[in-house]
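What follows is one structure encoded as structure tokens, with my remarks underneath.
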Amino acid sequence: MIDIRLLRDNPDTVRASQQARGEDPALVDAALDADARRRSSLAEFESLRAEQKALGKEVARAVGDEKAALLARTKKLAGQVKEHQAAAHEAEAELDELLYRIPNVIEGAPPGSEEDFLTLKSVGTPRDFAAEGFAPRDHLDLGEELGAIDTARGAKVSGSRFYFLTGVGARLELALLNAATDLALAAGFTPMITPTLVTPETMRGTGFLGAHADEIYRLERDDLYLVGTSEVALAGYHGDEILDLSGGPKRYAGWSACYRREAGSHGKDVRGIIRVHQFHKVEMFSYCSVDDAAAEHERMLGWEEAMLAKVELPYRVIDTAAGDLGTSAARKFDCEAWLPSQERFLELTSTSNCTTFQARRMNVRERTEGGTRTVATLNGTLGTTRWIVAILENHQQADGSVRVPEGLRPYLGGLEVLEPVR
RNA sequence: GGAGACGUCGCAUAGUCUGGUCUAGUGCGCCACCCUGCUAAGGUGGUAACGGGGCAACCCGUUCGCGGGUUCAAAUCCCGCCGUCUCCGCCA
């Protein structure tokens, strides 16, 4: 939820943000209007209520005829109070409804839609397989030969977009996620294993139930949602709390299964494990002061790049365009690794600065000298199952074996090469 | 799944039976000042959040798990929900 004060004081900023995202700027004026109505009806209710309370005290003291007369007055007043209270309630609900539909105000993101991103930098050089004398194979080919990935049985057991990681594939994922956790630990994050089923309130608070609600699995019988990322649980972790951030940001590294319906992606990335319904992820999450948020965002990007360096992948960093931002994000950087089999970049990490948007919904504040204020939240990817795709493809060798990047070897018992099993 | 107990301003607790003096008391913690020659003790005062109004001092309202209801008036009475704990049952 955006700050109502920003809306009042700088409506143009919010209108411009809506415009850049390709959203409706008229929402801003509707919200301003609802806010004015809310305030005036609230003022009416409150003055009536004050009168009622004052009279109530007199009633308690009065006796006999005097009391009867007072009761007659207050009885009438009670009806009016109730009416105005209902009106104030309604005006507030209207405002809330409008405010919930306004996504976060962008902060530095380039305007436009998905293809309007800016490339901030490119790191590493994709291998020249032609020069090496062989055509790169895709991750599923490689994975099947290594006995690492089994999508056929995944489909048999659970349907399309499910898979088994088997043998060395399972070990590779554990190695990757353990390496990510260790990196987070070294950076001062507290490792967390989080719930993957959350209440509607938690899901709504993180901004995932808006435009992209289709993406989310819901358990009707229990009124719970399956999370698409541990960000959801970690954003709810300090809900309704007032934090002490005087010692710097509170940083958590969540390890969880993630679930996505992939409702709008029919026919896209259908082969292999690029786009699946269930995967694992280590996610960074940070609660920090608003003033520190942009710097924290850069730091998160830095840790992501450190992780990419560990697995020796060529990648580029993009500044996501406003129209491609999530509801909660004010700015988002993605790291995309090169995918030799498709000769394109594939998103491996994504870090968002949600400024105070999520925290306002979840009611997370910090204590400052001047009182309390809403904190900023940020999140970023440190490792996912999808990374296996890029690792297999980029480190494949002519004979179908795959070189293990040095940063992962300690997590695989020193294993240097994954060998085909058939 | 069944039964019971509980949910109060950072923590602990009083208040609920018997609705109004609760503007929610007290202790601990914390902050400021005072006293005191010393890593102590004591004294005084202060110490929730949110919203609205005001240049401001300040004023008003809301919040006693959440949501309804009864009433002139609800922490207190009634209903529903959520959560915690204990016991029982069932399952892993």
Side-chain angles (χ1 to χ4, degrees), chain A residues 1-9 31-100 193-205 209 218-225 232-233 236-247 250 257 287 289-290 356-375:
Chain A
M1 176 140 51
I2 65 165
D3 189 350
I4 184 73
R5 261 159 273 180
L6 176 70
L7 192 80
R8 276 182 215 151
D9 300 343
L32 277 173
D33 193 53
D35 181 45
R37 283 202 307 279
R38 165 180 156 270
R39 280 192 286 173
S40 71
S41 66
L42 192 62
E44 280 180 54
F45 157 68
E46 286 184 353
S47 69
L48 281 169
R49 184 67 159 149
E51 193 184 343
Q52 183 186 38
K53 284 176 75 166
L55 280 175
K57 271 179 197 150
E58 287 183 47
V59 171
R61 279 193 299 267
V63 285
D65 287 350
E66 196 192 346
K67 185 157 192 160
L70 277 171
L71 278 179
R73 272 177 71 193
T74 53
K75 225 165 201 161
K76 201 172 141 204
L77 192 58
Q80 294 176 349
V81 167
K82 207 159 251 182
E83 252 172 61
H84 283 83
Q85 184 172 31
H89 246 109
E90 199 178 316
E92 177 135 33
E94 255 175 64
L95 175 63
D96 272 357
E97 207 270 322
L98 286 163
L99 281 181
Y100 261 83
I193 291 174
T194 66
T196 53
L197 286 170
V198 299
T199 60
E201 294 75 42
T202 304
M203 195 52 100
R204 198 172 310 123
L209 279 190
R218 169 152 187 245
L219 301 186
E220 187 107 26
R221 271 166 71 104
D222 302 285
D223 201 16
L224 289 169
Y225 290 90
V232 176
Y237 187 69
H238 283 303
D240 292 322
E241 292 182 27
I242 299 173
L243 306 177
D244 176 10
L245 295 181
S246 57
K250 279 191 175 295
Y287 293 90
S289 292
V290 196
T356 58
F357 189 88
Q358 270 181 344
R360 186 167 293 104
R361 288 186 172 190
M362 301 304 307
N363 192 25
V364 186
R365 290 159 291 166
E366 66 168 321
R367 202 170 291 288
T368 65
E369 279 175 27
T372 64
R373 72 173 173 184
T374 307
V375 303

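Letters go in sequence order (proteins before strands), and every chain restarts at 1.
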remark   = Whole-Å distance, A/Gln80 CD to B/U71 C1', equals 17 Å
ask   = A/Leu55 has an atom CG; how far is it from atom P of B/G20, in whole Å?
value = 19 Å
query = What distance separates A/His238 NE2 from A/Asp240 CG, expressed to the nearest 0.5 Å?
reply = 12.5 Å
request  = For B/A14 and B/C64, measure between their C1' atoms and round to the nearest Å.
outcome  = 13 Å
Short side-chain N/O contact from A/Gln52 to OP1 or OP2 of B/C72, under 4.0 Å = no
inquiry  = Check this one for me: any side-chain N or O of A/Thr372 less than 4.0 Å away from OP1 or OP2 of B/C50?
reply    = yes
ask   = Between B/U23 and B/U62, how far is it from one P atom to the other, in whole Å?
value = 11 Å
query = Are OP1 or OP2 of B/U70 and a side-chain N or O of A/Lys82 less than 4.0 angstrom apart?
reply = yes
task = Using a 4.0 Å cut-off on protein heavy atoms (strictly under), produce a 5'-to-3' string for nucleotides 51-62 of chain B with B for base contact, S for backbone-only sugar-phosphate contact, and - for none.
result = BSS------BSS
task = Provide the distance between the two C1' atoms, one in B/U76 and one in B/U8, to the nearest whole Å.
result = 12 Å
C1' atoms of B/C90 and B/A5, separation to the nearest Å = 23 Å
inquiry  = Hydrogens and angles aside, do A/Gln52 and A/Arg49 bring a side-chain donor and acceptor to less than 3.5 Å of each other?
reply    = yes
ask   = Nearest-Å distance, CG (A/Asp3) to P (B/C50)?
value = 12 Å
request  = To the nearest Å, give me how far apart CG (A/Asp222) and P (B/C81) are.
outcome  = 16 Å
query = Looking only at atom C1', what distance separates B/G10 and B/C85, rounded to whole Å?
reply = 22 Å
request  = Would you tell me if any nitrogen or oxygen in the side chain of A/Arg367 comes within less than 4.0 Å of OP1 or OP2 on B/G10?
outcome  = no
ask   = Roughly how far, to the nearest 0.5 Å, is the OG1 atom of A/Thr199 from the OH atom of A/Tyr225?
value = 9.5 Å
request  = Using the C1' atom as the reference point in each nucleotide, state the distance between B/C9 and B/C22 in Å, no decimals.
outcome  = 13 Å
request  = Between B/A75 and B/U21, how far apart are the P atoms? Round to whole Å, please.
outcome  = 10 Å
request  = Using the P atom as the reference point in each nucleotide, state the distance between B/G67 and B/U13 in Å, no decimals.
outcome  = 24 Å
ask   = B/C66 P sits how many Å from A/Asn363 CG, rounded?
value = 13 Å
ask   = Are the side chain of A/Arg37 and the backbone N or O of A/Ala91 linked by a donor-acceptor pair below 3.5 Å?
value = no
message = Rounded to the nearest 0.5 Å, what separates atom OG in A/Ser41 from atom CD in A/Glu92?
response = 8.5 Å
